[in-house]
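Heads up: the structure comes next, in structure tokens.
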Protein chains: 2
Amino acid sequence: MATRTDAPTRREQILKEAARLFAERGFHGVGVDEIGAAVGISGPGLYRHFAGKDAMLAELLVGISGQLLTGGKRRLAESAGDPEKVLDSLIEGHIDFALDDRPLITLHDRELDRLRDSDRKLVRQLQRQYVEIWVGVVREVHPELSEPAARSAVHSVFGLLNSTPHLGRAGSLPGRGATAALLHRMAKGAFAAAGA
Amino acid sequence: MATRTDAPTRREQILKEAARLFAERGFHGVGVDEIGAAVGISGPGLYRHFAGKDAMLAELLVGISGQLLTGGKRRLAESAGDPEKVLDSLIEGHIDFALDDRPLITLHDRELDRLRDSDRKLVRQLQRQYVEIWVGVVREVHPELSEPAARSAVHSVFGLLNSTPHLGRAGSLPGRGATAALLHRMAKGAFAAAGA
DNA sequence: TCACTTTGTTAATGAGCGTTAACGCATTCC
DNA sequence: GGAATGCGTTAACGCTCATTAACAAAGTGA
């Protein structure tokens, strides 16, 4: 795991702030001037780094989907042959993502329709592949589940894990570790109960 | 249960179409002309029925929260004394809502920030009461859960149940009954697993 | 019949906002 | 030193869109 120590590039600053603002108030609810102000420059100054507002959203969503998929593939390979372990690893990875990048997880299922056709197709394809990894693993752990049932179950567990933005900003949470553990148990319990 | 047989009023038509459009493309992504067109009148014609676009969203969100809370209270009273039964009833009611009114369930946690302060406070208060009903019942069924843990668990199960908009529009679903049953099992499994 | 309300219409207004133009100023690189 | 490039700025353009104005027509009721 390569940890970054160098300062974030301007592009990265912009993406981070844009993600936060988009998640808070929606893509259409945020102006370019606001995004610029969040990184200390003017609105039009953003156009030195991105082709437009759409391009920021596109890069964010493609990036998220790609990261999730890449992580999923890696975890699948790492624990190949032990489905239980793979499933635990997938759940853990998704929880880390949901807890550490709440704005992104929010965007991920909220602003997809604002993308150009080609970008949206790409994101959908990445999402689909990610889902299919989960479906395959879930069916190995719970063979009694039909494929459609498993797919529904996976989407529902995503809903469960992606609920982190609703979990009270800071104070009310019983600590990151405890929350992660709770979500993990619930996800496993939900899958187990899915097979009747 | 009073079933309506009379034709929907114009106001109701507008609210229904507005809900669908807002859910599809976001509050800011929909113009008043579109909403008008969806019910066969012009955009400005809407102003005979609502004070503005904001008022439509407000009425939708307050209505949803109110319905959920009312239903929750009723179910709590109906099966008072039998927490297991109350929890089943709450889950069933929420699933019915999530399956029958997908656009509303989408709006419910997506567009809350677009409301005027007073409306947002009202909606938040209704939501909070609804959550508290669930938290109380869940802690009766699973006394080993601390209150914060139970509250997190409830929010997460809402995320699970509210995942219905992601569950493939029509063809891929294994039928409404089967989907409802699956969601119900998963919700119960998640709660059970929440208490370690 | 005649006023009044209800429910529409189209045209105009005015604000917001994404984007582009035109320009300035360091830094870098022959 | 001087051209090129990177990264900002402010001003202006043009479009979208919520809202309002002004007007019309159909029902309703005394």
Side-chain angles (χ1 to χ4, degrees), chain A residues 6-62 103 107 110-120, chain B residues 6-62 103 107 110-120:
Chain A
D6 48 342
T9 198
R10 171 83 359 141
R11 269 182 73 87
E12 291 167 340
Q13 289 180 49
I14 294 172
L15 284 176
K16 183 179 171 186
E17 295 302 311
R20 182 178 56 79
L21 289 167
F22 288 160
E24 279 173 10
R25 297 207 289 286
F27 180 68
H28 291 292
V30 179
V32 289
D33 288 347
E34 273 177 289
I35 304 174
V39 298
I41 68 177
S42 69
L46 297 172
Y47 286 73
R48 298 289 171 199
H49 305 275
F50 293 92
K53 201 179 149 191
D54 299 344
M56 300 178 206
L57 182 63
E59 187 158 330
L60 282 171
L61 291 185
V62 172
L107 285 187
R110 188 170 296 195
E111 306 287 357
L112 184 57
D113 303 326
R114 275 52 144 187
L115 259 48
R116 289 176 22 230
D117 266 25
S118 62
D119 289 325
R120 188 171 53 249
Chain B
D6 48 341
T9 199
R10 170 90 348 148
R11 270 182 73 87
E12 291 167 340
Q13 289 180 48
I14 294 172
L15 284 176
K16 182 179 171 187
E17 295 303 312
R20 183 179 55 80
L21 290 166
F22 289 161
E24 279 174 10
R25 297 206 289 285
F27 179 68
H28 285 110
V30 178
V32 290
D33 288 348
E34 273 177 289
I35 304 174
V39 297
I41 68 177
S42 69
L46 297 171
Y47 286 74
R48 297 293 171 196
H49 305 276
F50 293 92
K53 202 179 148 192
D54 299 346
M56 299 178 207
L57 182 63
E59 188 157 329
L60 282 171
L61 292 185
V62 173
L107 285 187
R110 190 169 294 193
E111 306 286 356
L112 184 56
D113 303 325
R114 275 52 146 189
L115 258 49
R116 288 175 22 229
D117 267 26
S118 61
D119 289 324
R120 188 170 55 250

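Values below: every heavy atom of this structure, side chains too, minus hydrogens, waters and symmetry copies. Chain identifiers are assigned alphabetically (A, B, ...) following the order of the sequence lines, protein sequences preceding nucleic acid strands; residue numbering begins at 1 within each chain.
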Taken in chain and number order and not counting sequence neighbours, the residues that satisfy side chain to side chain donor-acceptor pair (under 3.5 Å) with A:Arg110 are none
Check the distance between D:dA18's P and B:Arg114's CZ and give it to me in whole angstrom. 14 Å
Rounding to a whole Å, what distance do you find between B:Leu57:CG and D:dA18:C1'? 15 Å
OP1 or OP2 of D:dG8 under 4.0 Å from side-chain N/O of A:Arg10: yes
Once side chain to side chain donor-acceptor pair (under 3.5 Å) is applied, do any residues pair with B:Arg10, and if so which ones, sequence neighbours excluded? none
Is it true that B:Glu12 and B:Lys16 make a salt bridge, defined as a side-chain N closer than 4.0 Å to a carboxylate O? no
Whole-Å gap separating C1' (D:dC17) and CZ (B:Phe22): 13 Å
Sort me out a list of protein N/O and nucleotides 9-16 of chain D N/O pairs below 3.5 Å, or just none if empty.
from, atom 1, to, atom 2, distance (Å)
D:dT9, OP1, A:Ser42, N, 3.1
D:dT9, OP2, A:Ser42, N, 2.6
D:dT9, OP2, A:Ser42, OG, 2.5

Heteroatom pairs (N/O) under 3.5 angstrom, protein to nucleotides 16-18 of chain C:
from, atom 1, to, atom 2, distance (Å)
C:dG18, OP1, A:Val30, O, 3.2
C:dG18, OP1, A:Lys53, NZ, 2.8
C:dG18, OP2, A:Val32, N, 2.7

Partners meeting salt bridge (Lys or Arg N to Asp or Glu O under 4.0 Å) with B:Asp54 (sequence neighbours left out): none
Only counting residues at least two apart or in another chain, list the ones meeting side chain to side chain donor-acceptor pair (under 3.5 Å) with B:Arg11. B:Glu59
A:Ala37 meets the side chain to side chain contact (heavy atoms under 4.5 Å, CB included) criterion, sequence neighbours left out, with none
Sequence-distant partners of B:Arg120, salt bridge (Lys or Arg N to Asp or Glu O under 4.0 Å), two or more places apart: B:Asp117
Scan for ring-ring contact (aromatic ring centres under 6.0 Å, His included) pairs involving residues 14-49 of chain A, sequence neighbours excluded, and state none if there are none. A:Phe22-A:Phe27
